[in-house]
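First the structure, in the form of structure tokens, and then the observations on it.
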Amino acid sequence: MFELLSRTLRYVFILLIYYFLYNFLKIMIADLRREKSQPKETGFVLQDEDGKNFPLFEINTIGRAEDADIIIDDPFISSKHALIYKRGSKLLIQDLHSTNGTFLNDKRVTKPLRLRENDEITLGTKKFVFLRGEAVGARDGSNLQ
Amino acid sequence: MEPGTEAIYNKNVAIAALVGILASLLLSFKEGVFSPVPLYGSLIFIVIMFVGHFLSNQLFLEQDPALFILCCFISQLGLIMLYRIRPESAVKQLAWFGIGFVLYFISSFASKSWIDKNIGSLIFFLATVALLASPLLFGVELYGSKSWLAFENFLFQPSELAKITFSLFLAESLKGFKIERPIVFFGQILVILSLLALARDLGGAMLFYFTALIIIFAATSRWDLTGFGLIGAVLAGFLGYRFFGHVRVRAKAWLNPWEDVPGKGYQIVQSLFAMAEGGFFGTGLGLGHPDYIPAVTTDFIFSAFFEEFGFLGASALIVLYFLFVYRGIKISLTIDNSFLSLSALSITVFFGIQIFTIIGGVIKLIPMTGVTLPFMSYGGSSMVMSFISLGILNGIKMRASGGESDE
């Protein structure tokens with residue numbers, strides 16, 4: 001009697017354990033979706049020479065590639081050129097072994113460097129300015145996209 | 001928390017309760033006549049779980065409810081196995097679970113309020129040293145390692161508590177994402193590791209070593225240190241093999257347990273037999289032979305579980321542990337404050353490495369080391385300290401959600 005019960009119940013146990021797991025996986029996937037759909041803004045932007053703003057998130061790859069977070073179509077820019085990421089409360093820039101290099105205030109970036117307001121970043125032939133989001137709004141309110 | 005997610009969490013608590021009731025009813029009939037003891041135990045457990053789940057959701061708005069549910073479910077599976085193997089151990093373990101539950105709340109509150117009180121890495125270091133040195137001075141020797149303190153009639157392993165202080169020590173020393181005084185820092189780690197080696201707790205030493213290695217890498221991103229660390233681990237392994245008799249025994253039993261089945265390879269061979277017996281769906285609860293495996297309530301509880309719940313059940317258990325580690329790493333990733341983030345990571349890494357070491361050991365993936373399977377193995381200090389670590393992790397999460405950051 002006990003043997004029969006136990007042999008039957010083992011399938012029930014496995015089913016229940018997997019149902020428990022399935023529920024957690026559902027939560028995990030929902031979490032990941034939410035994070036993907038709303039990346040956290042850092043409040044900083046990159047402004048190019050034409051005054052176009054690129055808002056910066058916690059991790060941004062910059063390059064020519066389709067899947068870069070900030071896509072810049074320029075022959076002197078590598079497909080994955082540079083990375084700007086958040087660490088603690090600071091934003092750092094790192095060169096991703098690009099062909100023509102990444103320059104911060106005209107110095108070549110060889111290791112991750114901290115970005116400060118109004119820093120000038122040069123990628124290939126393009127120049128960008130690193131600005132606080134509110135500063136951009138105050139300077140030319142019409143330009144927020 | 002969103003309403004949809006909350007409903008799923010509640011559903012999972014209900015599933016856990018259902019598994020407990022079914023298993024305890026089944027065990028009640030084990031001797032042929034109905035004996036209600038397992039059912040009472042299971043009901044006590046379920047009450048604690050429900051109270052814990054709802055109370056913590058009420059008290060701690062910013063907490064991660066998944067941690068508590070996962071750990072309760074794993075503890076419950078452990079209790080079911082323990083009751084089936086040795087009922088009187090299960091009763092004691094249930095008491096430890098209750099104590100752990102209370103301490104979980106206390107440590108959640110404590111870490112929420114005081115975790116970032118800038119204590120300084122030296123204090124954490126001294127606390128770790130004191131904890132690890134105490135069994136060397138006053139301890140008793142058990143299972144070949146002198147890492148236990150004996151009070152009246154229960155044994156306590158201070159290295160379990162030292163894991164927490166060591167985690168905080170690492171986080172505090174590395175919170176600037178660089179090693180400020182390398183000689184002092186590595187010297188301190190060396191002192192801690194040699195204390196563990198002196199107590200001949202080599203499993204523990206390995207745990208501390210790899211945790212330190214991973215946290216140093218996570219904080220500094222330096223490949224050179226990690227490379228040296230791994231080379232150092234290999235060297236330490238060789239030295240251990242040469243100078244410690246029981247390391248050689250373990251390593252030989254791992255490489256070829258069939259050489260000496262009735263002697264050195266006995267544990268591993270019995271564990272492998274049990275798993276082979278289990279097959280895909282297991283033999284069914286109560287129909288296996290866990291009594292053939294030595295140390296089945298502590299080190300080899302995973303093999304016993306494997307035998308009766310099968311490959312499917314055991315792999316689900318591993319996924320449960322994975323989920324737990326995943327939640328821990330996720331907490332650490334979402335925190336801006338570097339000290340809190342690294343503390344959360346090192347507590348999680350301790351759990352992760354411990355789980356890997358013991359499960360890897362019993363399935364003969366790596367040599368067997370005598371560490372406990374968190375939340376599942378029989379043992380008071382392991383159970384209680386696991387819950388305290390869990391509370392600290394939860395407290396860190398709440399603290400960080402309260403808007404703390406570096407500046």
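Chain identifiers are assigned alphabetically (A, B, ...) following the order of the sequence lines, protein sequences preceding nucleic acid strands; residue numbering begins at 1 within each chain.
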Contacting moiety of T283(B), where chain A heavy atoms sit under 4.5 Å: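 Just the backbone, heavy atoms under 4.5 Å.
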Tell me, for L323(B) versus chain A, whether the close heavy atoms (under 4.5 Å) come from the side chain, the backbone, both or neither.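 Contact with chain A is through the side chain of L323(B) alone.
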Checking E307(B) side chain against H289(B) main chain: does a donor-acceptor pair fall under 3.5 Å?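 Present.
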Look at the side chain of Y9(B) and the backbone N and O of F24(A), then say whether any donor-acceptor pair between them is shorter than 3.5 Å.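 Answer holds: no.
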Identify the two heavy atoms, one from [X] and one from [Y], that lie closest to each other, and give their separation to 0.1 Å.
X: S343(B); Y: I396(B); answer: CB-CD1, 3.8 Å
X: K126(A); Y: E49(A); answer: CA-OE1, 4.1 Å
X: I331(B); Y: T334(B); answer: O-OG1, 2.9 Å

Can you pull out the residues in [range] with any heavy atom less than 4.5 Å from chain B?
range: residues 93-104 of chain A; answer: none
range: residues 63-76 of chain A; answer: none
range: residues 5-22 of chain A; answer: L5(A), S6(A), R7(A), L9(A), R10(A), Y11(A), V12(A), F13(A), I14(A), L16(A), I17(A), Y18(A), Y19(A), F20(A), L21(A)

How many angstroms lie between [atom1] in [X] and [atom2] in [Y], if you round to the nearest 0.5 Å?
X: I216(B); Y: L170(B); atom1: CD1; atom2: CG; result: 6.5 Å
X: L320(B); Y: L77(B); atom1: CG; atom2: CG; result: 7.0 Å
X: I62(A); Y: F54(A); atom1: CD1; atom2: CZ; result: 9.0 Å
X: S121(B); Y: K175(B); atom1: OG; atom2: NZ; result: 8.5 Å

Heavy-atom pairs under 4.5 Å with chain A, option from A16(B), A14(B), A66(B), G313(B) with the top count: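 Highest number of heavy-atom pairs under 4.5 Å: A66(B).
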Based on non-hydrogen pairs under 4.5 Å, which of V19(B), L70(B), L287(B) is most in contact with chain A?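 The candidate making the most pairs under 4.5 Å is L287(B).
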Classify the side-chain pair Q63(B)/N394(B) by whether it contains a donor and acceptor separated by less than 3.5 Å.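 Judged by distance alone, the side chains do pair up.
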Side-chain donor-acceptor pairs under 3.5 Å in residues 22-29 of chain B, sequence neighbours left out?
| from | atom 1 | to | atom 2 | distance (Å) |
| --- | --- | --- | --- | --- |
| S24(B) | OG | G20(B) | O | 3.0 |
| S24(B) | OG | I21(B) | O | 2.9 |
| S28(B) | OG | S24(B) | O | 2.8 |
| S28(B) | OG | S35(B) | O | 3.3 |

Aromatic contact, F375(B) with F73(B) (centres under 6.0 Å):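 Ring-ring flag for F375(B)/F73(B): false, centres at least 6.0 Å apart.
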Using heavy-atom distances under 4.5 Å, tell me whether L4(A) contacts chain B through its side chain, its backbone, both, or neither.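 Nothing of L4(A), per the 4.5 Å heavy-atom cut-off to chain B.
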What do the steps show when you test F130(A) against L46(A) for side-chain contact (heavy atoms from CB on, under 4.5 Å), and what is the final call? CA-CA 5 Å; F130(A) 177 73; L46(A) 280 187; 4.2 Å; yes
Mind checking whether F280(B) and F311(B) have parallel, tilted or perpendicular rings, split at 30° and 60°?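 Perpendicular, since the angle between the ring planes exceeds 60°.
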Walk me through whether V13(B) and F50(B) qualify under side-chain contact (heavy atoms from CB on, under 4.5 Å). CA-CA 7 Å; V13(B) 175; F50(B) 272 103; 3.8 Å; yes
